[in-house]
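Residue indices begin at 1 and follow the sequence shown. Side chains included, hydrogens not; waters and symmetry mates left out as well; all remaining heavy atoms used.
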Amino acid sequence: MKWFVYNLLFGVVWVFLLPGFLLRMFRRGGYAARMGDRFALYPAEIMAKLRSAKTLPSDVSAKADSSGHAIPAPAEWVWIHAVSVGEVQVAGQLMREWRKAEPSVKFCFSTTSSTGWKMAEREVSEQDVLIYNPLDFPNFVKSALNVVRPRAIVLTESEIWPVFIRAAAKRAIPLFLVNARVSDRSAPRYAKARCFFKDVFNCFAKIFAQSELDKSRLISAGAPGDIVEVAGSFKFDVARRNPKKEDELREWLSGAKGRILLGGSTWPGEDEVLLRIAKTLDDATLVIAPRHFEKADAVESNIRRAGFGCVRRSRGDKPSAAGEKQVYLADTTGELMGLYGIADVVFVGKSLCEHGSQNMIEPCLCGKPTFVGPFTENFRPVMSDLLESGAIVQVAGEKELADGISRIWHNADESKSLGERATAAVLKRQGVVEKCVSEIRGVI
């Protein structure tokens, strides 16, 4: 009965969310060509690739579903699902590690956003398939599983899709949740709905939690204690410097005067704070990389309103020769790690004016003095490790951020020491992905 109610409520909620979804499609683009994926209606080339895979076992012949369509025999696909940029990077690291042990493995990678899709395109290989995840309705999920017929499914972080998970479990497909976390906001909801989530978490063969707190919250939500293991954060393994991109971006910033203050993955409100701080640093060039590029026009307006010129990456702008102080706007995909590598001081966004924070591990790996605001709940275990190591500076608000940046800016020894502690803290905690891949492969 509760699953009937869930399916009914999901349908009602989805109808109400549809206008916003369509608006997001229009703004970001990239959805229309593969809208059918949401209903498990895949392009012919995707179907051909899925059906051409090696089958398990070899004597299983194709069957037909209720509509008379052929269902391919069980294939060698490992289905991996990730949504956000950070989750896609986690999944990509897992895929690379898996291929080291099993070069012939084939991945069916699913995501739900156009941003995730663009990042996923860089992670999949020629032998893989990239799709949008089906809507969490029984018929669409059943059709998708009939087509892909994976030998295992790996979900990332907090991607809990009840119908999809239960349908896979009924087919005896091993399910894994990696880099699992339960946010401060979600924890009480999960606990209150324990009778609901218990059925879902019981479907997993193994859950790899980021921290003891996450493990405790998962168990409180109904996950069996014997399948939840504290493995640490995949994000420490995901971080990799990109020297080629660093050189490319160094060339882009060749006209910049002074050292670089970088705002990475900033959210509305944070660029204005950084602009005010930049005005107090005579030898600084501010670079802003907004989290969502569709907001770049608003960021540019703020830059010009603050009295700066704007050098926008996506337009190929060149610095003004009029002597106007410039702010560089990095509004292109996949270049943030390169920017971290060449910055002098970094502020990580969605931590000052928004709740959650973006990834602070990357600038720390690059040995950069790194600042975050008070809202870092999405990276709770990571922040605990970094703060314990004295590897990052967390501030309560704009004044503390301005004072902290100014102090580091004018103290080379402190800046160097903070950066060295940051790199050491990240390197010390790497190796999680290899361990998890080994355990997953041991189960399937």
Side-chain angles (χ1 to χ4, degrees), residues 21-22 24-25 28-56 58 60-85 87-92 94-96 98-99 102-156 159 161 163-165 167-168 171 173-176 333 444:
F21 176 72
L22 293 173
R24 198 159 61 246
M25 285 173 53
R28 295 187 182 180
Y31 283 93
R34 296 294 293 271
M35 176 58 73
D37 288 19
R38 309 282 184 174
F39 310 98
L41 301 173
Y42 305 109
E45 63 271 19
I46 297 298
M47 292 293 294
K49 196 168 186 177
L50 289 167
R51 287 171 170 165
S52 68
K54 179 182 176 182
T55 58
L56 295 174
S58 59
V60 176
S61 58
K63 299 179 181 180
D65 61 19
S66 58
S67 302
H69 297 107
I71 301 174
E76 278 279 56
W77 301 102
V78 173
W79 189 327
I80 295 185
H81 179 66
V83 176
S84 68
V85 171
E87 289 173 359
V88 171
Q89 290 173 333
V90 164
L94 183 142
M95 291 160 64
R96 286 190 290 274
W98 198 315
R99 283 199 175 96
E102 186 184 344
S104 63
V105 66
K106 299 178 187 296
F107 294 105
C108 176
F109 195 120
S110 67
T111 187
T112 61
S113 70
S114 58
T115 304
W117 181 282
K118 290 176 183 177
M119 289 299 299
E121 285 181 315
R122 304 175 185 183
E123 302 291 353
V124 297
S125 71
E126 287 295 324
Q127 66 193 39
D128 301 325
V129 166
L130 179 58
I131 63 173
Y132 281 112
N133 211 45
L135 292 171
D136 206 39
F137 288 110
N139 288 345
F140 304 144
V141 166
K142 179 181 177 181
S143 296
L145 290 172
N146 282 346
V147 172
V148 181
R149 297 179 73 82
R151 60 172 166 137
I153 294 174
V154 181
L155 307 178
T156 57
E159 286 301 303
W161 295 97
V163 171
F164 180 77
I165 291 168
R171 297 176 181 227
I173 300 170
L175 283 149
F176 303 89
T333 303
I444 67 172

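- The backbone N or O of Thr112 sits less than 3.5 Å from a side-chain atom of Arg38, completing a donor-acceptor pair.
- Lys106 NZ to Arg99 CZ: the interatomic distance, rounded to the nearest 0.5 Å, is 9.5 Å.
- Ion pairing of Arg34 with Glu121 is absent here, as no side-chain N (NZ or NE/NH1/NH2) approaches a carboxylate O to less than 4.0 Å.
- Here the shortest heavy-atom pairing between Glu123 and Gln89 reads OE2-CA, 4.3 Å.
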Could you go through the side-chain hydrogen bond (donor to acceptor under 3.5 Å, both in side chains) check for Ser143 and Asn146 one step at a time? CA-CA 5 Å; Ser143 296; Asn146 282 346; 5.3 Å; no
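- Under the 4.5 Å side-chain criterion, counting only non-hydrogen atoms from C-beta, His81 is not in contact with Phe164.
- A donor-acceptor contact shorter than 3.5 Å is absent between the side chain of Ser110 and the backbone of Ile131.
- Between Phe140 and Ala40, the shortest heavy-atom contact is O-CB, 3.5 Å.
- Residues passing the salt bridge (Lys or Arg N to Asp or Glu O under 4.0 Å) test with Arg171, sequence neighbours excluded: none.
- Taking the side chain as every heavy atom from C-beta outward, Arg151 and Val78 approach each other to under 4.5 Å.
- Residues Leu50 and Ile46 form a side-chain contact, since some pair of their non-hydrogen atoms from C-beta on lies under 4.5 Å apart.
- Taking OG1 of Thr156 as the reference point, atom CD1 of Ile80 lies at 9.0 Å (rounded to 0.5 Å).
- Note that OG of Ser113 and CG of Asn133 are 11.5 Å apart. Values are rounded to the nearest 0.5 Å.
- When side chains are defined from C-beta on, Ile173 does not count as touching Trp79, because their heavy atoms never get closer than 4.5 Å.
- In this structure, Glu159 CD and Ile165 CD1 are separated by 9.5 Å, a value rounded to the nearest 0.5 Å.
- Once rounded to the nearest 0.5 Å, the distance linking CZ of Phe109 with CH2 of Trp117 reads 10.5 Å.
- The main-chain N or O of Asp128 is found under 3.5 Å from a side-chain atom of Lys49 such that the two form a donor-acceptor pair.
- Residues Val148 and Ile153 fail the side-chain proximity criterion, which asks for heavy atoms closer than 4.5 Å.
- Considering only heavy atoms from C-beta on, Ile444 comes within 4.5 Å of Phe176 through its side chain.
- A pairwise comparison of heavy atoms in Thr111 and Ala82 identifies OG1-O, 2.9 Å as the closest pair.
- Scanning both residues, Val88 and Val83, for their nearest heavy atoms gives CG2-O, 3.9 Å.
- Using modelled atom types, no side-chain atom of Thr115 and backbone atom of Ser84 make a donor-acceptor pair closer than 3.5 Å.
- Nearest heavy atoms, Ala144 versus Tyr42: CB-OH, 3.4 Å.
- Taking 4.5 Å as the limit, every side-chain heavy atom of Asn139 sits out of range of all side-chain heavy atoms of Phe39.
- Here the CZ atom belonging to Arg122 is positioned 13.0 Å from the CG atom belonging to Leu130, to the nearest 0.5 angstrom.
- What you find for Asp136 and Val163 is that their closest heavy atoms are OD2-N, 3.1 Å.
- Evaluation of the ring-ring contact (aromatic ring centres under 6.0 Å, His included) rule for Phe107 yields Trp98 as partners, not counting sequence neighbours.
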